[in-house]
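The structure appears below as structure tokens.
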Amino acid sequence: MKRFFSLFLLLLLLLCSGCSAPTVGDTGTFNEFFAMDTIMRVTVHGDAGEPAASAAREEIERLEKLLSRTLPDSQVSQLNAHAGEEDAVALEGDLISLLTFARSLSADLDDALDITIAPVMDAWGFTTDHHQIPTQAQLDALLPLVDCQTLEIDPQAGTARLPNAGMAVDLGAVAKGFAAGRAESVIRAAGADSALLDLGRNITAIGVKPTGEPWRVAVQDPQDSNLYLGVLALTDQTCSTSGGYERYFEEDGVVYHHIIDPSTGYPAHSGLLSVTVVSPDALLADALSTALFVAGPERALDYWRREGGFELILCGEDGVVTATEGLEDAFAFQGEDGGYTYEIARR
Ligand code: AMP
Ligand code: MG
């Protein structure tokens with residue numbers, strides 16, 4: 001419910017900030033649909049709006065059928081169903097490249113991101129929404145199955161193999177960003193150059209608004225869905241946010257959320273309430289927001305200092321919101337109402 005409320009608020013802010021949802025025949029096309037377990041909104045301006053928005057939706061729905069592990073016929077489900085068997089599974093190029101990307105980013109980030117987290121997600125009941133706290137013995141038995149470096153990928157043959165029975169891939173951390181990147185390409189190929197994609201906390205801004213100004217996107221206060229940490233001005237960039245507040249359950253006053261630290265099997269407690277990544281690369285933004293939420297503020301900033309291609313807004317449990325210097329002009333901090341203080345991190 002909270003999730004839908006947040007999405008509603010985000011839309012409201014977009015409306016208030018001038019990114020109104022046009023109807024076909026007005027200044028563009030607005031397409032809203034449910035996919036990948038979330039509400040998706042595609043707004044495309046200009047003459048190519050209608051075909052571009054339809055093509056983007058078709059592409060997202062095609063990718064959901066490929067990447068979902070809850071659809072029994074998806075290719076990810078095929079890969080998971082044959083875990084531990086001798087023969088590798090033939091997969092489409094899109095899935096091969098996403099698996100390769102996720103495995104390589106995981107190695108760069110000391111396994112903070114691990115797409116073979118599925119058995120642990122299931123043990124917590126996050127897959128079915130029948131939540132429960134697994135015993136330590138259960139987690140001890142499952143954690144050896146979480147190791148995406150053992151995922152065998154043969155790009156030439158177009159196959160992959162999970163080497164041990166019980167292993168399974170969950171692309172929840174990266175699928176929406178991957179879909180956003182592909183939808184962006186489809187929209188541009190259709191001839192549109194002004195669009196906004198909202199794929200559940202992955203917001204992709206294509207070009208600028210029809211008024212010529214950058215798109216404006218709110219970053220939610222992770223502790224109060226009525227408030228914002230601030231507003232980002234985006235042009236040809238995606239902003240992706242991960243936080244424990246998005247999906248969680250509570251037991252005996254303790255909150256258990258859906259982003260798992262692969263080294264413990266428990267929800268990550270790294271000192272962060274949320275991580276927002278801004279990048280021209282939608283897939284990178286989605287993958288890094290999840291990974292750096294697990295990694296924590298120090299490792300996140302170290303990684304940012306080492307690598308190019310993205311900027312960060314970190315919301316710490318200590319009430320400090322830190323934006324990296326590339327966002328100094330693009331991010332308008334508004335977190336005072338939520339009691340936050342603001343800092344800029346420099347290289
Ligand atoms: P996001 O909303 O992009 O931050 O992704 C969160 C989702 O990624 C969860 O709902 C799980 O499906 C999956 N997930 C949770 N923890 C991890 C992790 N450490 N590495 C990779 N995927 C994860
Ligand atoms: Mg993610």
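This is a predicted model, so every value here is computed, not measured. Counting convention: from 1, in listed order, for ligands and their atoms alike. Scope of the values below: all heavy atoms of this structure, side chains included, with no hydrogens, waters or symmetry mates.
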Electrostatic pair Glu58:Arg62 at N-O distance under 4.0 angstrom:
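The answer is no: the pair does not qualify as a salt bridge.
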Please find out if less than 6.0 Å separates the ring center of Phe293 from that of His257.
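Ring-ring flag for Phe293/His257: true, centres closer than 6.0 Å.
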Answer with yes or no after comparing the ring centroid distance for His131 and Phe126 against a 6.0 Å cut-off, counting only values under it.
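For His131 and Phe126, the ring centres are under 6.0 Å apart.
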What protein heavy atom lies closest to [atom]? Include the residue and the distance to one decimal.
atom                    : value
atom 4 (O) of ligand 1  : Ser242 OG, 2.6 Å
atom 1 (P) of ligand 1  : Thr290 OG1, 3.2 Å
atom 14 (N) of ligand 1 : Ile117 CG2, 3.9 Å
atom 8 (O) of ligand 1  : Ala173 N, 3.1 Å
atom 10 (O) of ligand 1 : His258 ND1, 2.9 Å
atom 11 (C) of ligand 1 : Met121 CE, 3.4 Å

Just wondering, do Val277 and Asp286 contact through their side chains at under 4.5 Å, heavy atoms?
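No; the side chains remain at least 4.5 Å from each other.
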Parallel, tilted or perpendicular: which describes the rings of Tyr342 and Phe333, with under 30° parallel and over 60° perpendicular?
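Aromatic pair Tyr342/Phe333 classed parallel.
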Measure up the Trp124 and Tyr266 rings against each other and bin them: parallel (under 30°), tilted (30 to 60°), perpendicular (over 60°).
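The arrangement is perpendicular - the two ring planes meet at more than 60°.
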For [X] and [Y], which heavy atoms make the closest approach, and how far apart are they?
X      : Y      : answer
Gln149 : Arg103 : NE2-O, 3.1 Å
Val169 : Asn80  : N-OD1, 2.7 Å
Asp236 : Arg188 : OD1-NH2, 2.8 Å

With heavy atoms under 4.0 Å as the rule, classify the contact between [X] and ligand 1 as side chain, backbone, both or neither.
X      : result
Glu246 : side chain
Asp114 : backbone
Leu113 : both

Taking distance alone, with no angle check, do [X] and ligand 1 share an N/O pair under 3.5 Å?
X      : result
Asp170 : yes
Ile260 : yes
Ala112 : yes

Please determine whether Ala173 has a backbone or side-chain N, O or S atom lying under 2.8 Å from the Mg ion (ligand 2).
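An N, O or S atom of Ala173 is closer than 2.8 Å to the Mg ion (ligand 2), so yes.
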Does any N, O or S atom in Thr290 come within less than 2.8 Å of the Mg ion (ligand 2)?
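Coordinating: yes.
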Arg247 to ligand 1, any heavy atom closer than 4.0 Å:
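Within the 4.0 Å threshold, so yes.
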If the test is side-chain contact (heavy atoms from CB on, under 4.5 Å), which one of Leu314, Ile344, Val278, Leu312 qualifies with Thr324?
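Of the listed options, the one satisfying the test is Leu312.
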